[in-house]
Structures are given as C-alpha cells and as structure tokens.
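Per chain, numbering begins at 1; letters A, B, ... match sequence-line order.
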Amino acid sequence: MDPNSRLVMEDSQRTLTPYVTGTSVIGIKYKDGVLIAADMGGSYGSTLRYKSVERLKAIGKHSLLGASGEISDFQELLRYLDGLILYDNMWDDGNSLGPKEVHSYLTRVMYNRRNKFNPLWNSLVLGGVKNGQKYLGTVNMIGVHYQDNHVATGFGNHLAIPILRDEWREDLSFEEGVRLLEKCMRVLIYRDRSAINKLQIAKITAEGVTISPPYSLKTFWEFSAFKNPTAGAEGSW
Amino acid sequence: MTKQQANWSPYDFNGGTCVAVAGADYCVIAADTRMSTGYNILTRDYSKICKLADKSFLASSGFQADVRALQKHLEARHLIYQHQHNKQMSCPAMAQLLSNTLYYKRFFPYYAFNVLGGLDNEGKGCVFTYDAVGSYEKVGYSSQGSGAKLIMPFLDNQLKAPSPLLLPARDAVTPLSEPEAIDLVKTAFASATERDIYTVSVNGDKLEIVVLNSEGMRREYMDLRKD
C-alpha cells in the first residue's frame with residue numbers, strides 16, 4: 001500500500017505546526033481595571049502576510065481575550081466562546097460569566113485538546129473586571145495557566161515582562177498604564193521580527209470593554225550606528 | 001517517506017519543590033511559590049499546596065497543567081465521598097485515592113511529583129510520598145521536585161528515621177516540636193534556594209508553609225532569596 005496515503009489518513013487529523021500566527025500579547029492590571037495590548041500582524045512563517053488581524057476580542061460583558069499563535073485556532077475558540085456566552089445569556093437570570101469563569105473554561109478546553117494530542121496552537125491572555133474584582137490570566141496550548149498582575153505571551157515573556165517586573169505598580173493610572181504598555185510594545189517592534197508597528201490597546205473596567213482603533217508608535221531609526229553598520233569592520237565580506 | 005514525528009511535547013516542566021514533615025500531633029507542608037518554564041519565570045506568586053480535605057493537604061510540583069487537573073479531580077472525588085459517606089476523607093484514604101488516580105494514567109502520566117501531608121484519624125501527623133505513576137509510601141518526611149535532591153539528604157541527616165526493617169515497626173514521625181520542624185523546613189528551603197534555579201524565592205518569590213494540627217490549619221509565608 002502506498003505509504004503516503006496512510007500518512008494522509010493518520011496524521012492530517014491534528015495540528016502539527018501552526019500556519020498563520022500572531023505574536024505577543026501583553027496585559028497589565030491598573031487602578032481601574034485591566035489593559036491588554038497586541039499588534040495586528042498575522043505572519044505566514046517568515047512572511048508578514050496579514051496586517052489588520054484583530055487579536056483582541058471582547059467576551060461577554062466583563063472580559064477580553066487576546067490571542068497569540070495560530071489565528072484559525074483563535075477563531076475556533078471565539079466560536080466556542082460565542083456558544084458559551086449565548087448559553088449563559090439564555091438563562092436570563094441576571095448572572096453573567098466573569099473573567100475567572102471564562103479563563104477556567106478556556107483552560108479546560110486547552111488542556112483537553114492537549115490530552116488528545118490535537119492542541120489549539122495558541123497562548124491566550126484573558127482579562128476582565130467583575131463586581132469590582134480585577135482579573136488577569138493566561139493559558140497556553142498545553143494547558144499551563146496562571147494569574148498575575150502582568151502577563152505576556154511569546155516574545156513578550158522575554159522582552160516585556162522584565163520591564164513590567166521593574167516598573168509595574170499597584171495604582172497605575174490609565175495614562176501611566178498605556179505608557180507602560182507602549183514602552184513594552186515599542187521594544188517588541190524593534191526586536192521581534194514578527195511584530196508590526198500597528199497595534200490596539202484594550203481597556204476593561206467595571207463600565208465595560210473598549211478596544212482602541214489601530215494606531216502606530218513613534219520609532220527612531222536614525223541612530224548613527226545604523227547608518228554605516230560595517231564601519232568598524234571593513235572588509236571583503 | 002518516513003512518518004512525521006510530533007515536534008510538540010504535551011509536557012512542560014514548571015519547576016518547584018515541595019516538602020512535608022510529620023510530627024506527633026502536627027504536620028508541616030511547604031512549597032515554593034515560583035512557576036517557571038525553561039529559563040523564564042512565569043510568575044512568582046503561585047501556590048502549589050492544595051487542600052483536599054480538612055486533614056489532607058497535597059503539595060505537587062512538575063507540569064502545572066497536570067498538577068492542577070489532578071488537584072481538581074481529587075477535590076471533586078472528595079466532594080462525592082462526602083455526599084456518600086457524610087464525613088471527610090481520612091489522610092490514608094486520600095493517599096490511596098491519589099495513588100489509584102495516578103496509576104489510572106499509567107500510559108499517559110500526570111507529570112506531577114506529589115507529597116501528601118495531613119493528620120490521621122488519631123491526630124498524628126502522616127506524610128505520603130509519590131512518584132509520577134502512583135507508587136507511594138507512608139514516611140515521616142519527604143521532599144519532591146527540582147530541589148528534592150538537595151533537601152532530602154539534609155532531612156535524612158536531621159530527621160533520620162529508624163530503619164523500616166526493625167521489629168516491632170517503629171514510628172517514622174519526628175519527635176521535634178512544631179516550631180522546631182517549621183524552622184527545619186525553612187532552613188532546608190534556604191539551602192535549596194542557594195543552588196537550585198527552579199526553587200527560589202527570588203525578588204518576590206516566597207516559601208508557603210501550611211501547618212496542620214489539632215487546632216486546625218494555618219498558612220505562613222516566608223521570603224526566600226531574590227536572585
């Protein structure tokens with residue numbers, strides 16, 4: 001029997017590698033709630049294929065989900081969550097799923113898919129405010145999850161979290177929080193090749209969820225060292 | 001054409017160390033609060049100690065998603081037990097349940113290294129130590145996780161149990177008082193912190209200690225070195 005056809009039958013049923021991916025998501029708690037930032041790039045391997053991908057989505061009244069990793073798996077998750085929120089609303093009992101519940105649901109979904117060796121190839125950030133309680137959590141494709149005052153996925157863990165560990169405080173105002181996130185995003189734009197300079201920042205407070213329109217950060221490329229990079233090592237190669 | 005291998009592992013190691021020491025009328029269960037992956041720290045404020053029953057506390061390190069799933073599973077089973085038997089599970093009973101639960105996934109294990117600490121029906125401290133697939137033993141003290149190899153020899157030196165080969169069987173619980181045992185545990189962690197990068201109370205990481213005795217349960221935190 002043709003070995004290739006067997007391969008198609010067995011292994012095309014589960015995710016082996018991601019195709020269109022989003023890069024880091026960063027989230028912080030601040031005085032009035034939670035701020036989450038993500039850029040709008042969708043990379044196809046090393047090609048920056050899509051530049052208007054919205055990787056931040058409101059979930060119900062109290063939460064916001066940011067996703068990095070495989071975009072199609074993120075869209076699948078949004079379909080699951082639509083069903084979950086609809087089911088919750090149909091009870092019409094005055095109660096609604098808060099960020100803690102949504103995070104718990106997502107954690108279970110991701111872990112169960114990992115158990116079947118067919119993961120949703122994402123790292124998720126889930127933030128929200130309910131009954132005055134701020135919540136910020138993360139879960140990745142193998143089900144590892146935790147909550148903290150600041151979280152990041154992908155490159156954000158390496159480049160943004162050190163900045164946040166140093167500069168995050170309990171009572172950041174909205175402007176200070178945005179400035180802090182922009183500082184982190186700027187570093188990512190400079191140093192993460194999958195990042196683009198077009199981002200959105202979402203704010204979740206007791207009043208609700210708002211996602212900013214896309215905008216860019218000012219960057220500076222006129223460093224003299226960039227102008228003649230081989231100045232110190234002229235040679236044939 | 002060769003079959004494509006999975007380039008993805010369902011496991012990760014999130015670090016951490018757990019210790020438990022049993023006394024005549026108390027039990028001390030301790031674990032660090034660091035959660036890491038590779039050389040990164042994910043969070044410095046994560047509890048590895050879980051209350052399964054009034055007198056049973058589980059401390060687990062290893063792969064966090066599996067640890068959490070295991071804790072939830074056992075909590076749910078305990079709830080069912082309470083509904084059916086109208087009482088709390090005893091620590092030895094919980095010990096057996098944990099072993100069976102782990103072995104159930106013998107061929108896709110929970111990557112969790114567990115130490116179960118609590119009081120038995122007579123109020124005496126008991127500690128059970130496990131491997132990832134459920135083999136367990138009742139002991140007077142134990143440590144599991146990344147710092148275990150540093151802590152265990154120290155505990156052996158300080159709490160050396162009489163040989164299990166002696167007849168009549170001698171108790172393994174330590175004759176130390178509760179404050180002395182807590183101090184010992186803190187010392188053990190302070191040493192492990194010096195040399196194990198996954199167990200550290202670095203800038204903000206802490207040591208969480210749960211003490212169980214006839215008066216109930218209390219939780220203490222101690223700062224460990226922050227680097």
Surrounding CZ of A/Arg186 (heavy atoms of other residues, nucleotides or ligands, distance under 6.0 Å), is the total greater than 12? yes
Are there more than 12 heavy atoms of other residues, nucleotides or ligands under 6.0 Å from atom CG of A/Asn95? yes
So with a 6.0 Å cut-off around CZ of A/Arg49, is the heavy-atom count from everything else above 12? no
Any chance you could measure B/Arg44, atom CZ, to A/Tyr146, atom OH, to the nearest 0.5 Å? 12.0 Å
Nearest 0.5 angstrom please: B/Leu42 CG to A/Asn157 CG, how far? 6.0 Å
Shortest non-hydrogen contact from A/Ile142 to B/Ala65? O-CB, 3.6 Å
Close side-chain approach of B/Met35 to A/Val144, heavy-atom, < 4.5 Å: yes
Nearest 0.5 Å, please: how far is CG in B/Asp66 from CG in A/Asn115? 7.0 Å
Specify the closest pair of heavy atoms between B/Tyr46 and A/His145, including all atoms of both residues, with the distance to one decimal. CE1-O, 4.1 Å
Over 12 foreign heavy atoms within 6.0 Å of CZ, B/Arg218: yes
Below 4.5 Å, heavy atoms only, C-beta onward: do B/Trp8 and A/Met141 meet side chain to side chain? yes
Taking all non-hydrogen atoms of both residues, which atom of B/Asn40 and which atom of A/His158 are closest, and how far apart? ND2-NE2, 2.9 Å
Which heavy atom in B/Lys72 sits nearest to a heavy atom in A/Ser104, and how many Å separate them? NZ-OG, 3.7 Å
Nearest heavy-atom approach of B/Ala69 to A/Arg108 is CB-NH1, 4.1 Å
More than 12 non-hydrogen atoms from neighbouring residues, nucleotides or ligands closer than 6.0 Å to CD on A/Gln133, yes or no? no
